[in-house]
S.K.: 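Following this message is one structure expressed as structure tokens.
Atom set for the values below is all heavy atoms of this structure, side chains included, hydrogens, waters and symmetry mates excluded. Whatever order the structure lists them in is the order used to number ligands and atoms, beginning at 1. It should be emphasised that the depicted structure is a prediction, and the values quoted were computed from it without experimental measurement. We're numbering straight along the sequence, starting at 1.
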Amino acid sequence: MAKGARPPGSLPQLKPRRKESKTLKRKREEEELEGLEKAAQEFDASTLTKFADLPLSRQTASGLDKSHFKVPTDIQRKAIPLALKGKDILGAAKTGSGKTLAFLIPVLEKLHRAKWTPDDGLGALIISPTRELAIQIFEVLRKIGQRHSFSAGLVIGGKNLQDERERLGRMNILVCTPGRMKQHLEQNPDLDTYNLQILVLDEADRILDMGFKDAIDAIVQGIPKSRQTLLFSATQTKNVNDLARLSLKDPEYVAVHEAASTATPGKLQQHYIITPLPEKLDILWSFIRANVKSKILVFFSSTKQVRFVYEAFRQMQPGIPLLHLTGKQKQTARLEISAKFSSSKNSCLFATDVVARGLDFPAVDWVIQVDCPEDADTYIHRVGRTARYERDGRGVLFLCPTEETGMLERLKTKKVPIEKINVKQNKKQSIQNQLQGICFKDPEIKYLGQKAFTSYARSIYVQKDKDIFDLEKLPLQEFATSLGLPGAPRIKFLKGEDTKQMKNAPRALLKDDDSSEDEESGEESTRKEKKKKEVRTKYDRMFERQNQNIFTSHYTGMVRHGEEEEDDNGDDFLAVKGHGYGSDTEDAEGPKKGQKFIEVHGKDPLLVDSKRREKLATSKKALLKYKGKGTKLVFDEEGEAHAIYEFEDEEQFKKAGDAEEQRGKFLAEEKKKVSAADEEDKTVAKEKRKAKREKQKARMLEEAEDGEEGGFTGGLPLIPYEDFDAKGEESDNEAPEPFEEDRPTKKQKKWFEDDSEEERKKKKKAKKKGKIVEMQEAPETLDDLEALAAGLLA
Ligand SMILES: Nc1ncnc2c1ncn2[C@@H]1O[C@H](COP(=O)(O)OP(=O)(O)OP(=O)(O)O)[C@@H](O)[C@H]1O
């Protein structure tokens, strides 16, 4: 028999051997999982010094190692062993102390030990209050989970609901913001949450506050009670009601820094200055000019302030790259700006509280809080953007004299060590004249300044802590002057703002169109969706965009006339009738639901049943026919008006021929004159438009060139409303954004290209020396990021 041949009747060896190895493999895996579970239950946390000591899957251990995480931080050392035992956790630790890994490692291990496969659907849900933070969490998950085969997705809005929906059904781990997740739960039948194993709330106190209540309740309602729940924050909630809402089971309170003498990182130096409100911008400007070689993060209380200071300072060229980030920008722009600030060495980012929590910008030197935060917790989160994970950092809080006592008391109660410093008067530079010049030359910036003024006043007005925030005590007139405005714009507060809205100040700010944070609660997104569905004309949108309080009294009068004085319209040429309009009940005589009368001067009321018809009926052209021909008048020496014929000699008039013929002739001649004048006007207007366009173009070019030389991001062309509508998501609610940053500009590119160019050169040099190991290219957009993760973390 040939060597290796099978004896007759014997069984082939290959099949049993393969079967045996599969079975063995499965058995070995089962044993491994059981071993992990047992080791986790028996693990003694006091023996933990390195991540390698933890009973972790090979995949997680390898992911941590590859991401260069070797030694756990305090919160990780305490929270991870408990979470691996399956406990619910309330985790509290200072900002920048590594809470993200403290919940991501248990998430991966939970699914691994449950032998979760891509077919098992959603196993873990991680909720973050803002999109930026969700993206950051997702990136860390992608790094440490790279050896696992779970699929992971981001649900944060900013893109088509349908696109997101299609991906969701296939995800094992979702990182989401509350409002968007609620939307999906309500509208996406493929999203099955009934098998969820673990729920995480990062920045739990923020997520559990009133603004997200509906969304969180809706999410929790649809997930099993038997799941594990992890809550983390630097300012943790222990509110029993909140915990009951989440049905936590005997949660372990892990507060590593509770016994510490301070609530903020040890390497953080914190100072405050007392400054009158009108001097804030002078001090900020002087500070930035003195620290152009630093990385600075500046907080304001509203989007409008951020935009005004950014645009004005940009024109003044402080000698450091300026950036701005608010929840009102489009997602792509926000991502781009975060990335730019992260990668830059020296730059100054103006922002709202959208970046106050959780964001891990590397190596920020200074956090400046120009506007007083609404409470001590917000202060702690804002200042925590510096001095992260063993690094140094400095924070400066600007306080108006009226805010000093109250705020310092709040900070002391929260164990925040902060010291007063004084501004060196000889170093302080007044920029009031420059700002006045800028506002005078550029109406767009003046407009932003007016909006910044009203937004600031409003932000103070809605604050609930009246011991700190008192609008009446602020020198508003001087503040307006300090912004470069000719006078203080009129401010009108909405009725009820001081009651219902003030009760929930942070959310009130959020609901205002100047909202300081970005994430939408469920109610907010539903409201926006409803608003989108309403048919609105271009003019409706235009009026909505404008802040009517800051217009001239003439304009306000015009608008109010239409809004408030409907009934008193005897002298109006055009008026909307009040009766029956908007009534829900049908009225036999009046218009039906959806219909209304419009009254055209001197004619019977017209019944219209749609906006389009109303527009047609009230268009300039349609109204012309009611206008009549007009009468030519001449004035005597006393200034009294008379019809022409009153001055004519009757005999002569009769001689000239038939009266009707004369009238016809006169009308024909006048018509000719009017159309000639009309033509002339049109030509002049056309030329004016052309000249204006050319001027704008020249200005852009000039600014672009300035930017290349001086290194400043340049202004952008003013965009006609129509163009803006076509492009901008935000155009529905916002004033036109002439300075939107996600339109690429020469200067912006140049600025950061220089940085990366330099870095590229450095890398090239280092590579030659063998210092750098090439890494996989970083994802640039959300889609890149998701594509990398969604197709399995591996
Ligand atoms: N074990 C570790 N070893 C080294 N670096 C770590 C470790 N854990 C976390 N870090 C780093 O520390 C920084 C802060 O971590 P993280 O963002 O998780 O802090 P945080 O406690 O969530 O802060 P915040 O309260 O502001 O949200 C990050 O850059 C992270 O990569």
S.K.: Has Lys415 got more than 12 heavy atoms of other residues, nucleotides or ligands less than 6.0 Å from its NZ?
M.R.: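 Yes.
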S.K.: How far is atom 21 (O) of ligand 1 from the closest protein heavy atom, and which atom is that?
M.R.: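 Atom 21 (O) of ligand 1 sits closest to the protein heavy atom Lys99 NZ, 2.8 Å.
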S.K.: Relative to atom 10 (N) of ligand 1, which among Phe69, Phe232, Phe361 owns the nearest non-hydrogen atom?
M.R.: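 Heavy atom nearest to atom 10 (N) of ligand 1 belongs to Phe69.
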S.K.: Which residue from Lys70, Gln76, Lys50 reaches closest to atom 8 (N) of ligand 1 through any of its heavy atoms?
M.R.: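 The option holding the nearest heavy atom is Gln76.
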S.K.: Which residue owns the protein heavy atom closest to atom 27 (O) of ligand 1, what's the atom, and how far is it?
M.R.: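 The closest heavy atom on the protein side is Gly358 CA, 3.1 Å.
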S.K.: Below 4.0 Å, non-hydrogen atoms only: which portion of His381 touches ligand 1? Side chain, backbone, both or neither.
M.R.: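 Neither; nothing of His381 gets under 4.0 Å from ligand 1.
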S.K.: Starting at CG of Leu174, measure out to NE2 of His184 and round the result to the nearest 0.5 Å.
M.R.: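 The distance works out to 9.0 Å.
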S.K.: Leu201 versus Leu246: any side-chain heavy-atom pair under 4.5 Å?
M.R.: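 When only atoms from C-beta onward are counted, Leu246 and Leu201 do touch, with a gap below 4.5 Å.
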S.K.: Give the atom numbers and elements of ligand 1 that come within less than 4.0 Å of a heavy atom of Phe51.
M.R.: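 Listed by number with element, the hits are 1 (N).
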S.K.: Please say whether more than 12 non-hydrogen atoms of neighbouring residues, nucleotides or ligands are located less than 6.0 Å from NZ in Lys38.
M.R.: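 For Lys38, atom NZ is not crowded (no more than 12 foreign heavy atoms under 6.0 Å).
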S.K.: May I ask you to establish whether Lys70 and Phe51 are in a cation-pi arrangement, using a distance under 6.0 Å from NZ or CZ to the six-membered ring centre and at most 45° from the ring axis?
M.R.: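 Negative - Lys70 is either too far from the ring of Phe51 or too far off its axis.
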S.K.: What do we get for Lys94 next to ligand 1 when only non-hydrogen atoms under 4.0 Å count, side chain, backbone, both or neither?
M.R.: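 The answer is the backbone of Lys94.
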S.K.: Parallel under 30°, tilted from 30 to 60°, perpendicular over 60°: which one fits the rings of Phe232 and Phe103?
M.R.: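 Correct class here is tilted.
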S.K.: One thing to verify: whether Lys213 and Asp217 come together as a salt bridge, which I'm taking to mean a side-chain N less than 4.0 angstrom from a carboxylate O.
M.R.: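 Looking at Lys213 together with Asp217, the answer is yes, because their closest N to O distance falls below 4.0 Å.
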S.K.: Identify the protein heavy atom lying closest to atom 18 (O) of ligand 1, giving its residue, its atom name and the separation to 0.1 Å.
M.R.: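 It is Thr100 OG1, 2.6 Å.
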S.K.: With atoms numbered from 1 as shown, which atoms in ligand 1 lie under 4.0 angstrom from a non-hydrogen atom of Glu203?
M.R.: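 Ligand 1 atoms under the 4.0 Å threshold to Glu203: 27 (O).
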S.K.: Report yes if some heavy atom in the side chain of Thr229 is under 4.5 Å from a heavy atom in the side chain of Ile89; otherwise report no.
M.R.: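 Not touching, per the 4.5 Å side-chain cut-off.
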S.K.: Which residue supplies the protein heavy atom nearest to atom 29 (O) of ligand 1, what is that atom called, and how far is it?
M.R.: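 For this ligand atom, the closest protein heavy atom is Asp360 OD2, 2.4 Å.
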S.K.: Counting heavy atoms only, which part of Leu359 comes closer than 4.0 Å to ligand 1: side chain, backbone, both or neither?
M.R.: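 Answer for Leu359: neither.
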S.K.: Can you confirm whether more than 12 heavy atoms, excluding those of Lys110, are under 6.0 Å from its NZ atom?
M.R.: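 Yes.
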S.K.: Number the atoms of ligand 1 from 1 as they appear, then name those within less than 4.0 Å of a heavy atom of Ser97, with their elements.
M.R.: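 Heavy-atom distances to Ser97 below 4.0 Å select 19 (O), 20 (P), 21 (O).
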S.K.: Quick check: does Gly384 get an N/O under 3.5 Å from an N/O on ligand 1?
M.R.: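 Such a contact does not occur with ligand 1.
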S.K.: Starting from atom 1 (N) of ligand 1, what is the nearest protein heavy atom, named by residue and atom, and what distance separates them?
M.R.: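 Answer, as residue, atom name and distance: Val71 O, 2.8 Å.
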S.K.: How long is the gap from SG on Cys348 to CG on Asp365, to the nearest 0.5 Å?
M.R.: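 Answer rounded to 0.5 Å: 11.5 Å.
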S.K.: Quick check: Thr95 and ligand 1, any N/O pair under 3.5 Å apart?
M.R.: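 No, there is no polar N/O contact under 3.5 Å.
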S.K.: Among Gly96, Ala234, Ala92, which residue places a heavy atom closest to atom 24 (P) of ligand 1?
M.R.: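 Nearest option to atom 24 (P) of ligand 1, by heavy atoms: Gly96.
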S.K.: Could you tell me which atoms of ligand 1, counted from 1 in the order shown, lie closer than 4.0 angstrom to a heavy atom of Arg385?
M.R.: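 Those of ligand 1 that fall under 4.0 Å from Arg385 are 26 (O).
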S.K.: Roughly how far apart are Trp116 CH2 and Ser151 OG, rounded to 0.5 Å?
M.R.: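 So the gap between those two atoms works out to 11.0 Å.
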S.K.: Would you say Ala93 contacts ligand 1, with heavy atoms under 4.0 Å as the rule?
M.R.: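 No, Ala93 has no heavy atoms under 4.0 Å from ligand 1.
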S.K.: Knowing that exactly one of Arg307, Arg334, His324 qualifies, which makes a side-chain hydrogen bond (donor to acceptor under 3.5 Å, both in side chains) with Gln329?
M.R.: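 Exactly one option meets the side-chain hydrogen bond (donor to acceptor under 3.5 Å, both in side chains) with Gln329, and it is His324.
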S.K.: Provide, to 0.1 Å, the distance between atom 3 (N) of ligand 1 and the closest protein heavy atom, together with that atom's residue and name.
M.R.: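 It is Tyr389 OH, 3.2 Å.
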S.K.: Heavy atom to atom 26 (O) of ligand 1, shortest distance: which of Arg388, Arg77, Glu390, His68 holds it?
M.R.: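 Result: the heavy atom closest to atom 26 (O) of ligand 1 is in Arg388.
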